[in-house]
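Some notes on the structure that comes next.
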Amino acid sequence: MSAFATLNCKYDNYYFRNIKGYSSFQKRSTYVKLTRGNSSLFWRKQIREAKVFRLYSKIRGDLHRVPESLNGGTAILWFRNNLRLSDNSCLDLANTAEAVLPLYVFDKRSLVRNRLKQQRCGPFRYSFVKESVEQLQNNLRGLFSDLLVEVGTAAEVIRELCAKYSINHIVAPKMIKVSQVATELHLNACFVWDCTLLSFDELIVNEYQHSFETFYNSVISKGLPKIFELDNSQRPFLKPLPFGYKPSFAIPLPHLVNDLGVENLCTPYEWPFPEPRAVYPFRGGEDSAKERLTDYFVKKNGLQLIADLENYSGVMDSSTKLSPWISIGCVSVRQVYWEGYRSYMKNMDSQVANLWLKRFLWRDFLYLLCLQEGSAVFRDRTVNEDAPEFPLYKQSATPYETICNQAIQTWLEGRTGYPYIDAHIKELITTGYISFRGRLNVSSFLVHELDGIWQLGAEFFEHYLIDHDPVINWGYWYHLYEKKQIGVESIQVDTIEEANKYDPDGFYVKKWLNQLVLLPPPFCHEPYLLSEEEQNQFQVILGSDYPEPVLFPTVSEEIERARQFLSSSS
Ligand SMILES: Cc1cc2nc3c(=O)[nH]c(=O)nc-3n(C[C@H](O)[C@H](O)[C@H](O)COP(=O)(O)OP(=O)(O)OC[C@H]3O[C@@H](n4cnc5c(N)ncnc54)[C@H](O)[C@@H]3O)c2cc1C
């Protein structure tokens with residue numbers, strides 16, 4: 001019996017016994033009552049497991065429909081978060097058709113404004129995607145094919161293409177909902193799961209139990225991931241375009257401001273941004289991804305640095321900086337993981353190997369979390385322009401809400417009075433990238449210290465991050481919030497402790513907050529400890545050169561304690 005079948009039976013039993021079993025009206029009403037409000041933990045667990053079973057079955061069903069070969073016909077090869085030619089399972093499958101029409105659709109809905117009045121896809125990511133699409137089109141033309149680029153909704157574009165060419169199949173990466181269109185048009189839709197290090201089967205046999213460690217141990221105990229060699233020797237190829245296809249030589253994706261009429265961009269430019277402080281000059285496309293891959297692993301042997309540097313912000317080689325390419329699939333996670341593993345095999349210890357594997361398993365864990373929790377992870381995500389406003393802009397707020405809202409506003413603008421937080425927010429809104437430590441600190445600060453709404457943080461990140469991956473971003477924020485609710489194994493970090501540990505001399509904060517340039521440690525991380533005399537001496541007047549720390553009860557108490565400690569020890 002396969003691992004999935006075991007899982008299947010287990011959930012099937014639960015489902016059958018506990019949910020379907022309530023057939024009489026009397027019992028069903030009891031069930032409804034139990035699921036509302038204060039339902040017992042037991043019942044919640046049952047319901048969740050039933051939900052998971054349905055989700056798995058659905059995805060599993062979709063994946064089962066993926067054939068080994070398309071056996072001829074014409075296929076649309078729909079590129080989405082897999083903008084590459086090498087190690088691309090969708091491309092391999094599409095090549096079993098007779099003719100292939102490569103397609104990319106930029107969904108204009110991703111320019112809808114979120115509740116912070118920003119486009120969901122901000123200019124950093126948009127420009128990066130645009131470059132990647134251009135490069136993919138060039139590379140496909142090099143293979144005597146093309147990439148048809150459209151702006152609109154995928155369903156409509158596919159419908160039009162079917163009317164124009166006799167299409168039989170659609171091949172696309174999984175995580176998309178086009179099954180309805182495919183059924184309507186009698187197309188053979190093949191959704192390929194190609195976004196995690198573990199295969200779908202390997203992923204779902206690891207039950208998600210709220211804890212990364214459990215997941216990690218479960219993966220390791222099964223001897224995963226199994227080593228496999230990527231065959232890079234073969235040059236990618238593609239079957240010919242459908243009969244009657246005429247290539248267009250228009251620019252693949254329109255300019256945000258000039259062509260799409262997007263106004264009030266947070267940054268007035270499209271790429272390249274004239275920002276010399278950016279940690280890496282990200283450029284979209286498969287070729288640029290491979291350049292970075294070779295530069296980091298082969299030329300610099302970068303993995304030997306990760307144990308020492310991984311937590312430092314603003315350092316180019318502290319990590320691979322490959323996430324923008326991974327998130328839209330210019331390079332596959334498998335390619336990156338195995339490239340790292342190969343370089344580790346040369347001369348590194350097992351601690352590095354573990355650190356390296358854990359990164360990818362965190363990613364897979366979040367994908368599993370999203371499979372498990374379904375839409376709860378994306379709760380209240382802005383999908384239309386009528387989304388309700390955040391309480392941040394509510395007219396009638398209670399005094400507590402007003403204080404909270406002011407504090408949150410300072411977070412959004414990078415003026416909380418905590419340099420380590422403010423510097424990271426400034427880096428994010430100026431360049432579209434911050435380190436993992438930075439993300440962890442700012443998100444934990446918003447959720448735990450400022451009692452902020454987690455969705456607000458997620459939407460803010462979604463707009464700015466150049467490497468935004470909905471599963472990882474929303475998954476982390478949800479994880480932070482959920483952990484806060486149940487109060488276990490919380491991802492909560494101490495900002496000041498982290499700042500002193502990972503930026504001991506304040507180089508990073510001074511890079512983004514020039515006004516603090518004269519401050520020595522510990523004041524560069526806690527300027528609120530400066531006496532009036534010291535403020536004059538270091539030319540940082542609190543409240544005018546740099547903000548006072550956010551006025552928030554718990555935070556203020558801590559500041560008071562620190563002030564007293566400093567004056568008693570000096
Ligand atoms: C609140 C929050 C939001 C985040 N949002 C995103 C996001 O939208 N997109 C995104 O790619 N990452 C996100 N991350 C995870 C992490 O910060 C980035 O993956 C990492 O900073 C990317 O840098 P790198 O490519 O140099 O990573 P490296 O350290 O070189 O790792 C290589 C790859 O492994 C994966 N990876 C590494 N660390 C993690 C991690 N902790 N969790 C999941 N995957 C990881 C990434 O794909 C990364 O590119 C988020 C983290 C937090 C705390």
Side-chain angles (χ1 to χ4, degrees), residues 81 120-122 124-125 128 195-197 212 215-216 279-280 282 289 292-293 295-297 300 302-303 305-307 309-341 343-344 352 355-370 377-378 411 424-425 427-428 431-448 452 454-483 491-493 498:
N81 60 352
R120 278 172 48 204
C121 172
F124 297 111
R125 194 160 69 258
F128 191 82
C195 51
T196 47
L197 181 64
F212 171 72
F215 170 76
Y216 177 76
V279 72
Y280 192 83
F282 295 108
R292 175 62 182 162
L293 210 61
D295 179 54
Y296 187 80
F297 291 110
K300 295 183 175 157
L303 268 197
L305 302 174
I306 73 163
L309 289 183
E310 64 166 350
N311 289 311
Y312 289 82
S313 289
V315 181
M316 188 201 274
D317 293 325
S318 62
S319 64
T320 63
K321 305 290 177 293
L322 280 164
S323 53
W325 289 286
I326 294 179
S327 64
I328 53 169
C330 292
V331 64
S332 74
V333 269
R334 284 183 299 259
Q335 285 171 309
V336 179
Y337 177 72
W338 290 114
E339 196 61 58
Y341 193 78
S343 81
Y344 145 76
V352 174
L355 281 174
W356 185 235
L357 176 61
K358 272 196 175 170
R359 281 166 160 66
F360 291 88
L361 291 188
W362 254 107
R363 196 175 173 281
D364 285 10
F365 171 70
L366 293 168
Y367 271 83
L368 189 59
L369 177 135
C370 283
V377 176
F378 304 104
W411 183 90
H424 278 110
I425 296 279
E427 185 187 3
L428 175 66
T431 70
Y433 181 92
I434 47 173
S435 66
F436 172 68
R437 263 296 123 192
R439 293 176 206 208
L440 208 55
N441 271 280
V442 293
S443 53
S444 168
F445 194 82
L446 180 73
V447 173
H448 296 286
W454 67 278
Q455 290 97 335
L456 179 144
E459 292 203 1
F460 182 75
F461 268 35
E462 179 173 28
H463 170 79
Y464 282 110
L465 281 179
I466 193 171
D467 62 4
H468 181 254
D469 176 328
V471 171
I472 307 183
N473 181 41
W474 285 79
Y476 259 117
W477 281 96
Y478 178 78
H479 198 56
L480 267 160
Y481 155 81
E482 208 197 24
K483 286 288 149 77
I491 310 183
Q492 186 168 4
V493 289
E498 296 250 317

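None of these values were measured; they are calculated from a predicted model. Whatever order the structure lists them in is the order used to number ligands and atoms, beginning at 1. The residues of the chain are indexed from 1 along the displayed sequence.
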I need the D467 CG to I472 CD1 distance, nearest 0.5 Å.
7.5 Å
Please lay out, stage by stage, how S435 and Y312 fare under the test side chain to side chain contact (heavy atoms under 4.5 Å, CB included).
CA-CA 8 Å; S435 66; Y312 289 82; over 6 Å; no
Given that the side chain starts at C-beta and the backbone is N, CA, C, O, which of these parts of L465 lies under 4.0 Å from ligand 1, counting heavy atoms, or is it both or neither?
side chain
For K321, the atoms of ligand 1 under 4.0 Å from one of its heavy atoms are 24 (P), 25 (O), 26 (O)
Looking only at non-hydrogen atoms, the one of Y476, F212, Y464, Y367 nearest atom 41 (N) of ligand 1 is Y476
Heavy atoms only: which of R363, R292, R359 is nearest to atom 37 (C) of ligand 1?
R359
Side chain, backbone, both or neither: which part of S319 has a heavy atom under 4.0 Å from ligand 1?
both
Residue, atom and distance of the protein heavy atom nearest atom 1 (C) of ligand 1 read W477 NE1, 3.6 Å
How does F436 reach ligand 1, if at all, at less than 4.0 Å between non-hydrogen atoms: by side chain, backbone, both, or neither?
both
Hydrogens and angles aside, do K321 and S323 bring a side-chain donor and acceptor to less than 3.5 Å of each other?
no
Shortest protein heavy-atom distance from atom 6 (C) of ligand 1, along with the residue and atom involved:
R439 NH1, 3.3 Å
re atom 3 (C) of ligand 1, the protein heavy-atom contact at minimum distance is N473 OD1, 3.5 Å
Please identify which atoms of ligand 1 are closer than 4.0 Å to at least one heavy atom of H468.
8 (O)
From CA spacing to verdict: side chain to side chain contact (heavy atoms under 4.5 Å, CB included), Y341, L357
CA-CA 9 Å; Y341 193 78; L357 176 61; over 6 Å; no
Evaluating non-hydrogen atoms only, which member of Y337, F360, W356, Y280 is closest to atom 34 (O) of ligand 1?
F360
Does H479 have its ring centroid less than 6.0 Å away from the ring centroid of F365?
yes
Tell me the protein heavy atom at minimum distance from atom 9 (N) of ligand 1, and give that distance in Å.
D467 O, 2.8 Å
Residue and atom name of the nearest protein heavy atom (relative to atom 8 (O) of ligand 1), distance in Å to one decimal
D469 N, 3.0 Å
Examine S327 against ligand 1 and note whether any of their N/O atoms are separated by less than 3.5 Å.
no
F282-Y433 aromatic ring centre distance below 6.0 Å
yes
Note the single closest protein heavy atom to atom 30 (O) of ligand 1, along with its residue, its atom name and the distance in Å.
T320 OG1, 2.5 Å
Is it true that a side-chain atom of R125 and a backbone atom of E462 form a donor plus acceptor pair closer than 3.5 Å?
yes
Sorted by chain and residue number, the salt bridge (charged side-chain N to carboxylate O under 4.0 Å, His left out) partners of D317 (sequence neighbours excluded) come out as R292, K300
Given the side-chain rings of W325 and Y296, with only the six-membered ring counted for Trp, is the space between their centroids under 6.0 Å?
no
Non-hydrogen atoms of Y433 versus ligand 1: any pair closer than 4.0 Å?
yes
Once you measure the plane-to-plane angle for F215 and F212, does it fall in the parallel (<30°), tilted (30-60°) or perpendicular (>60°) bin?
tilted
Between W362 and Y476, is the gap from one ring center to the other below 6.0 Å?
yes
Would you say S323 and ligand 1 have an N/O pair spaced under 3.5 Å apart?
yes
